[in-house]
Amino acid sequence: MSATADTSQPLLSDTPLSELPALLLPAYGETWAMVGIVMVLVVVIGGATGVLLYNTSPRGLFPQKRAYGVLSWAVNMGRSLPFLVLMAAIIPLTRWITGTTLGIAAAVVPMTIAGIPFFARLVQNTLNDLPQENMAVGLVTGSSPAQIIRQTQLREALPGLASAVTLNTISMIEYSAIAGTIGAGGIGFLAVTYGYQRFDMTVMLGTIILLIITVQLVQFVGDRIARSLTRP
Amino acid sequence: MIEIRDLHQSYTGHEGAVEVLKGIDLTVPEGSITAVVGPSGAGKTTLSHCISLLEKPTSGEILVDGSDLSRLRGRQLRSARRAIGTIFQHSALLRRITVAENIALPLRNLGVVHHEMQDRVAELLDRVGLLHKANAYPGQLSGGQKQRVGIARALALRPRILLSDESTSGLDPDTTAQILSLLADLRTDLGLSIILITHEMDVVRHVADQVASLSHGRLAEYGSLPSLVADQDSTVGGQLLPIAALPLPAGFDTALDLAYRDGDVDPEWFTRVAVDHQIRLALLGGTVEARGATALGRAVVGVRAEQAQRAIGALNGLGLSARVRSDAGRSGPLGTTTSIAGTDPAGPPLSVAGQIQTGATVGATA
């Protein structure tokens, strides 16, 4: 019980605090690279899907029962698998797209596939919260569907959309950590290989603290942006 | 001018087709206001959606200055919609852009050049008295101000027709009065045909030229406001000037319902009946008010049975229609208003005390 810092057994001991930044920072960069790429794809594809979901729904600009049903079913499909299962299940697809099943590129595929339906629903819900009369105003003033989507849907929903992006980003940080278990790199990979498999408390605590700070910061910034987009 | 001809609208639901509008005919000439009233579920909203061309009727025509707009599609439909300005119940302003930008939006989407757009927006803001609020956001305005911005936006594209769908619901009485006088001015100044869809009878009484009452998808009554008020058989007439009559006092046993007929009623009728004809009358309730040059009025008076027929003759000679109130229509205890059919969810607008007061006052309240 006296061996508090026995450096003669490097494999079983904790990483010295001084070496922690050298481990954490590159991994942290990898995490953000993954989340960043995924979020760009998710916002573009998931956003468009969400707009389509809303506008084919009975509340939307061009209600299409069948199209809405199909789209809604596909979105539910994408959301019904736990991320770990989804990731494992689509390995052939991942390999086909990226040529590998390891690293950032391989993690981006399942993360994007999980993120798109999630974001699509968030966008649909945000648009659902807008007053129905707004759309009628666009229609009775002779605006085109594209003008209505841009002006009375997306622009009015911007604060809500900012919150949706925040929520989704935090989810993607979490997913990136899960992706770490199959060797995707990033802070999750670090936590699993050092913290979990080598019982390295320093790295474990370091990653936990870093993740907590990151999520708090993302939420803080997201709230700030949403508030700055809200008009009195 | 807008003419609605034999308008039908049905929806197919779980229990088959439901016909919501069963043949509506309505004409709103230039420079006049037609109020459409009726209980919830009568078809007001459907009619409103058909007029604003948001819904296609199953059959019938909507003619604006002679051309049918109800069958158009696509680009033609979009440009036809611009001929009809709509004011919404909750003003429906976009919250993230300023008042001026809200009014400019229809113009911008039409492709109006920038400086013309700015001139037009300033003109409209001036028209509704909100030039100083141009750069405010809708969230910084009161309910009445928002509604005035809504009106300015509806006018932006110089429509011939203005449709107001419950636009004064939820506003306080003073603000409602301001909005109504603005609408009345617009009717006169711009020669607009205004359709006012509402459930508030006070609103109708203050601005409508014609009144159409919807019931189960049909027009139950349709006519000029004075003619409906003058018609004792008109349910809407009774709702427009509701009377909660006092019970008959001792010595009186017959109640007479009176209505001012169109045209010349002698304002001294009460004295003339009493003095010239030596008939005792008890004033039990009533409302008299000016409507432009005409007087609108309804009253309930008590007489003695043996004098009833003479009283009716005398009143007829003075320009009032009179008839014996049937027992079924007689008011119960003070404060209950059995004479008013329940179409107004907010209840009759005036209390019994208010009735007595207005009944006793002949003057301009409009």
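On a predicted model such as this, the values are computed, not experimentally measured, just so you know. In what follows, chains are A, B, ... by sequence order, proteins preceding strands, each numbered from 1.
Shown here is B:Tyr11, whose OH atom has more than 12 heavy atoms of other residues, nucleotides or ligands within 6.0 Å. Within 6.0 Å of atom CZ in B:Arg71, more than 12 heavy atoms from other residues, nucleotides or ligands are found, so the atom counts as buried in its surroundings.
Using a 4.5 Å cut-off between heavy atoms, B:Ser52 contacts chain A through both its backbone and its side chain. With a threshold of 4.5 angstrom between heavy atoms, A:Gln132 does not approach chain B through any atom at all. For chain A, the nearby part of B:Ser91 is the backbone; its heavy atoms alone come within less than 4.5 Å. Proximity to chain B (any heavy atom under 4.5 Å) is restricted, for A:Gln147, to the side chain, taken from C-beta onward. Heavy-atom distances place no part of B:Leu77 under 4.5 Å from chain A, backbone and side chain included.
In terms of heavy atoms, A:Gln151 sits closest to B:Leu94 at O-CD1, 4.0 Å. Nearest heavy-atom pair across A:Arg231 and B:Arg95 is CB-O, 3.3 Å. A:Pro145 approaches B:Arg78 most closely through the heavy-atom pair CD-NH1, 4.0 Å. Of all heavy-atom pairs between A:Glu133 and B:Gln89, the closest is OE2-N, 3.3 Å.
Although no hydrogens or angles enter the test, the distance criterion places a donor-acceptor pair under 3.5 Å between the side chain of B:Arg96 and the main chain of A:Leu229.
Top candidate by heavy-atom pairs under 4.5 Å with chain B, chosen from A:Leu139, A:Asn134, A:Val140, is A:Val140. Between chain B and the residues A:Val137, A:Leu130, A:Thr230, A:Thr152, the largest count of heavy-atom pairs under 4.5 Å involves A:Val137. Note on B:Ile97, B:Leu107, B:Leu110, B:Leu157: by heavy-atom pairs under 4.5 Å with chain A, the leading option is B:Ile97.
Annotation: the span from A:Ser143 atom OG to B:Arg108 atom CZ amounts to 11.5 Å, rounded to 0.5 Å. Atoms CZ and OG1, from B:Arg82 and A:Thr141 in turn, are 7.5 Å apart once rounded to the nearest 0.5 Å.
The list of salt bridge (Lys or Arg N to Asp or Glu O under 4.0 Å) pairs with a residue in residues 140-162 of chain B, not counting sequence neighbours, reads B:Glu30-B:Arg160, B:Asp65-B:Arg160.
Within residues 132-140 of chain B, the residues having any heavy atom less than 4.5 Å from a heavy atom of chain A are, in residue-number order, B:Tyr137, B:Gly139, B:Gln140. Within residues 51-64 of chain A, no residue has a heavy atom under 4.5 Å from a heavy atom of chain B.
Remark: A:Phe189 pairs with no residue by the ring pair (Phe, Tyr, Trp, His ring centres under 6.0 Å) rule, at least two apart or across chains.
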